Amino acid sequence: DNMEPNKWIAHQIETAIQEEHTSSHAVAKAAGIAWTTFQRRLIPVGNFDWDELMRIATALNRSPDYFTPPQFQHSKEAA
């Protein structure tokens with residue numbers, strides 16, 4: 001998958017929101033991000049920083065690596 005990293009992250013967040021049967025408003029609040037900022041970054045205009053992604057992961061019951069684009073993941077073969 002060659003999707004741009006910010007779009008990939010936004011897609012992962014939206015998928016997790018649906019799977020957890022919650023709302024973007026609830027996740028933004030739990031992560032301490034203004035809802036308008038959260039929505040703008042899902043478009044994506046701008047991007048989430050690593051601290052925000054950690055808080056979003058916690059709010060969505062996900063491991064932080066769920067939001068790490070494949071281009072940035074360390075392959076097991078290379079380890």
Side-chain angles (χ1 to χ4, degrees):
D1 189 359
N2 216 10
M3 189 182 293
E4 293 176 27
N6 290 339
K7 288 181 182 177
W8 188 91
I9 291 168
H11 175 68
Q12 290 295 98
I13 292 170
E14 290 171 335
T15 298
I17 287 170
Q18 291 174 0
E19 289 175 354
E20 291 296 317
H21 306 287
T22 189
S23 68
S24 60
H25 189 271
V27 174
K29 185 175 181 181
I33 303 168
W35 186 76
T36 53
T37 299
F38 189 83
Q39 286 298 109
R40 191 171 57 250
R41 291 181 181 164
L42 284 178
I43 293 173
V45 174
N47 56 293
F48 294 99
D49 66 33
W50 292 109
D51 292 335
E52 291 167 335
L53 288 172
M54 289 288 291
R55 296 192 306 267
I56 292 166
T58 298
L60 288 168
N61 301 308
R62 296 290 187 281
S63 169
D65 66 354
Y66 184 84
F67 302 111
T68 304
Q71 302 95 312
F72 296 92
Q73 292 183 15
H74 186 62
S75 70
K76 291 183 174 128
E77 294 88 34

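If you read the sequence from its start, that first residue is 1, and numbering goes on from there. Since the model is a prediction, treat every value here as computed from it, not as a measurement. Just so you know, these numbers use all the heavy atoms, side chains as well, and skip hydrogens, waters and symmetry mates.
Annotation for Ser24 and Leu42: closest pair CB-CD1, 4.5 Å, computed over non-hydrogen atoms. Contact record, Phe67 with Ala57: CE1-CA, 3.5 Å, taken as the closest heavy-atom pair. Of all non-hydrogen atoms in Gly46 and Asn6, the two that sit nearest each other are O-ND2, 4.0 Å. For the pair Ile13 and Leu60, the tightest heavy-atom approach, listed with the atom from each and the gap, is O-CD1, 4.2 Å. Contact between Asp49 and Asp51 at its shortest, heavy atoms only, is OD1-N, 3.1 Å. Looking at every heavy atom in both residues, Arg62 comes nearest to Ala16 through NH2-CA, 3.7 Å.
In the hydrophobic clustering, where aliphatic and aromatic side chains (Ile, Leu, Val, Met, Phe, Trp, Tyr) are joined below 4.5 Å either directly or transitively, Val45 groups with Ile43.
The structure places CD of Glu19 at 8.5 Å from CD of Gln12, a figure rounded to the nearest 0.5 Å. Separation of atoms CZ (Phe38) and NE2 (His25) is listed at 11.0 Å; rounding is to 0.5 Å. Rounding to the nearest 0.5 Å gives a distance of 8.5 Å between OG of Ser63 and CE of Met54.
With a 4.5 Å cut-off on side-chain heavy atoms, Glu52 and Arg41 count as touching. Considering only heavy atoms from C-beta on, Leu53 stays 4.5 Å or farther from Thr68 through its side chain. For the pair Ile9 and Asn47, the minimum side-chain heavy-atom distance is 4.5 Å or more. A 4.5 Å side-chain heavy-atom check between Pro64 and Trp50 finds every atom pair outside the cut-off. The shortest side-chain heavy-atom distance between Tyr66 and Thr15 falls under the 4.5 Å cut-off.
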